[in-house]
Novice: 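One structure, pasted below without further comment.
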Number of protein chains: 2
Amino acid sequence: MLAIMSPMPSDHVPSTSAAPGRAASPRAESTRLALLAAAREEFAERGIAGARVDRIARRAGVNKERIYGYFGSKEKLFDAVIETALDELVEVTALPGDDPAGWVGRMFDYYREHPDLARLLLWEGLYGRTESLPEQRRRIAHCQDKIDSLAAHLGREPSHEIGRLLLTLIGLALIPLAFPQLAELFRTPVDGPEAAAEMREHLTAFVRMALANADFS
Amino acid sequence: MLAIMSPMPSDHVPSTSAAPGRAASPRAESTRLALLAAAREEFAERGIAGARVDRIARRAGVNKERIYGYFGSKEKLFDAVIETALDELVEVTALPGDDPAGWVGRMFDYYREHPDLARLLLWEGLYGRTESLPEQRRRIAHCQDKIDSLAAHLGREPSHEIGRLLLTLIGLALIPLAFPQLAELFRTPVDGPEAAAEMREHLTAFVRMALANADFS
DNA sequence: GGGAGTCAACCAACCGGTTGGTGGCCAATG
DNA sequence: CATTGGCCACCAACCGGTTGGTTGACTCCC
């Protein structure tokens, strides 16, 4: 009747700052945040498989071991980064309100100024998570507000169709960042402020026209 | 800056089948193609950093050493895969012709049936190539035909604006594959045939409306 | 014979993860 | 107040396994 000799049943609690037990010391919290920021840069640049834990630690000016002390593993660190990124996404994605086209333009600007966010989204989409993140229900509920806002502006009830429309709108703002090769194929300049301004104008005009006589089932 | 001290100054010529020297034997060509196909699967699933050369060789039923004999390195093998993918892309992307909305729907279907292609595009976009691939000019010229076709349908001259529009249209068809997490956030089902049909209908309707009174500068 | 491919072994570098130990902070103790 | 002692963040060094890449001897078959 040998009990299983697992030395520690993996109670790696302190994955988030909301650790229930003892309040984290300010010093500890600051290094945890430095690690998170450095990991975000590294993961945004190289993805999970391409990221190197040593590099993350060096970037943060922190010992590599702290990563495992705070997060447990490279993948859990990635998940923590993704969670902060998703929170930032749903927070920064204001309500479409009465101007969906302008909203797409603003989202486009934001992604241009913060490519990290878009790249993290792309990496994570390719990575193919199996089970959903904690707090995902809260994020989904938060996004429901945006669906409601868009539906109200269009004078319709919230529905899957409105959700699809919102997905399309956000996707539009992300296209230039996600497919630079396609832009090259179609000789569409993407770098530089004036190229961005033209692309932004194109996207907003496109959305404005699509929603001009919005009658979709 | 992992400059590996390669003893050979990398004159690995036979990267493509169009090796100038001697004609490749049919047997050699078949294993080269098997390697290419296996590499495509592996790279589409895991990206460059996540792919393993041993796995590629095993998948192809070929010895690992052959990869270096034919392609020289993992990265060059990836480039070869990307080149075939880009060729497939520009070939399969028929002219928009007189029905851009239906064309987007067909592209959407194609990407659904061949997720490999879309995933390879995403990986490569994130990878961030510095210099462009060989034969890229030919591909760009080929895409110019599509721009011309779309311009003709709209009764306009080919321009950067038409190129941007084409980029937007192709991007639209790729959104559901590129951003599954956003779809989850907006509760937009993506899997299953009927969900795909609805998404397809949404996209085509969106494009139809956007192009209904197409007057963009 | 000779090109094509296989197989097994090998290598240096590297990667994620672990460990023993150090030093500073702080509360209890005298 | 000074001493003690434990706790905690931190670090340098280390570990076992893996990775991309190479080599050379052997087989197969046109």
Side-chain angles (χ1 to χ4, degrees), chain A residues 6-8 10-15 17 19 21-36 38-39 42-43 46-81, chain B residues 1-15 17 19 21-36 38-39 42-43 46-81:
Chain A
S6 101
M8 273 297 187
S10 89
D11 39 351
H12 252 304
V13 209
S15 64
S17 63
R22 127 177 59 266
S25 83
R27 173 126 180 269
E29 187 62 11
S30 90
T31 66
R32 215 189 65 97
L33 290 179
L35 239 22
L36 216 45
E42 176 84 2
F43 283 133
R46 321 221 185 200
I48 324 167
R52 298 292 166 240
V53 274
D54 322 57
R55 215 155 29 199
I56 294 175
R58 202 179 337 126
R59 269 181 148 157
V62 165
N63 192 275
K64 184 173 68 157
E65 180 267 352
R66 283 292 83 199
I67 289 177
Y68 298 94
Y70 284 127
F71 301 96
S73 73
K74 187 193 189 184
E75 308 227 334
K76 288 185 190 165
L77 174 58
F78 181 75
D79 286 356
V81 168
Chain B
M1 203 66 64
L2 315 178
I4 305 151
M5 305 256 276
S6 83
M8 278 297 190
S10 89
D11 41 349
H12 254 303
V13 207
S15 63
S17 64
R22 124 174 62 269
S25 83
R27 172 123 182 271
E29 186 62 11
S30 89
T31 68
R32 214 190 65 97
L33 291 178
L35 239 22
L36 217 45
E42 176 84 1
F43 284 133
R46 321 218 184 202
I48 323 167
R52 299 288 166 245
V53 273
D54 320 59
R55 214 155 30 200
I56 293 175
R58 204 180 332 128
R59 269 182 148 154
V62 166
N63 192 274
K64 181 174 79 157
E65 182 269 351
R66 283 291 84 201
I67 288 178
Y68 300 94
Y70 281 127
F71 301 97
S73 74
K74 188 193 191 184
E75 308 227 335
K76 289 186 190 165
L77 174 57
F78 182 76
D79 285 355
V81 167

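Lettering of chains follows the sequences in order, A, B, ..., and the numbering in each one begins at 1.
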Novice: For a quick check of understanding: with a heavy-atom distance under 4.0 Å over all strands, which category does B:A51 fall into, base, sugar-phosphate or nothing?
Specialist: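 The answer is sugar-phosphate, as B:A51 gets under 4.0 Å only of primed atoms, P, OP1 or OP2.
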Novice: Calculate the interatomic distance between A:F78 atom CZ and C:dC15 atom C1'; express it in whole Å.
Specialist: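 Distance, rounded to whole Å: 18 Å.
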Novice: Apply side chain to side chain contact (heavy atoms under 4.5 Å, CB included) to residues A:L77 and A:Y70 and explain how you reach the verdict.
Specialist: CA-CA 9 Å; A:L77 174 58; A:Y70 284 127; over 6 Å; no
Novice: Could you check how far CZ of A:R66 sits from C1' of C:dG16, rounded to whole Å?
Specialist: 16 Å
Novice: When rounded to the nearest 0.5 angstrom, what is the spacing between NZ in B:K74 and OH in B:Y68?
Specialist: 8.0 Å
Novice: Work out which heavy atom in B:N63 is nearest to a heavy atom in B:A57; give both atom names and the distance.
Specialist: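 Nearest heavy atoms, B:N63 then B:A57: C-CB, 4.0 Å.
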Novice: Using whole Å, report how far CD of B:E42 lies from C1' of D:dG20.
Specialist: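 So the two atoms are 14 Å apart, to the nearest Å.
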Novice: When every nucleotide of nucleotides 17-26 of chain C is labelled 5' to 3' by its protein contacts under 4.0 Å (heavy atoms), B for base, S for sugar-phosphate only, - for none, what sequence of letters results?
Specialist: BBB-------
Novice: Could you pull out all residues at least two apart from B:R58 that satisfy side-chain contact (heavy atoms from CB on, under 4.5 Å)?
Specialist: B:R55
Novice: Okay, side chain of A:E42, backbone of A:V53: is any donor-acceptor separation there less than 3.5 Å?
Specialist: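 Not confirmed, A:E42 side chain does not pair with A:V53 backbone.
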Novice: According to a strict under-4.0 Å criterion, is B:R52 in side-chain N/O contact with OP1 or OP2 of D:dG20?
Specialist: yes
Novice: When you measure from the side-chain N and O atoms of A:T31 to the phosphate of D:dC10, is any distance below 4.0 Å, counting only OP1 and OP2?
Specialist: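 Indeed, a polar side-chain atom of A:T31 lies that close.
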Novice: Tell me the interatomic distance from B:E29, atom CD, to C:dG5, atom P, rounded to whole angstroms.
Specialist: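 The answer, rounded to whole Å, is 10 Å.
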Novice: Expressed as a whole number of angstroms, how long is the span from A:Y70:OH to D:dC8:P?
Specialist: 11 Å
Novice: Going by the rule side-chain contact (heavy atoms from CB on, under 4.5 Å), which residues pair with A:A60 if we only count those two or more places apart in sequence or in a different chain?
Specialist: A:A34, A:L35, A:A38, A:V62
Novice: Could you state the atom-to-atom distance from CZ of A:R58 to P of D:dC11 in whole Å?
Specialist: 14 Å
Novice: Regarding A:G50, tell me which of base, sugar-phosphate or nothing describes its non-hydrogen contacts under 4.0 Å with the strands shown.
Specialist: nothing
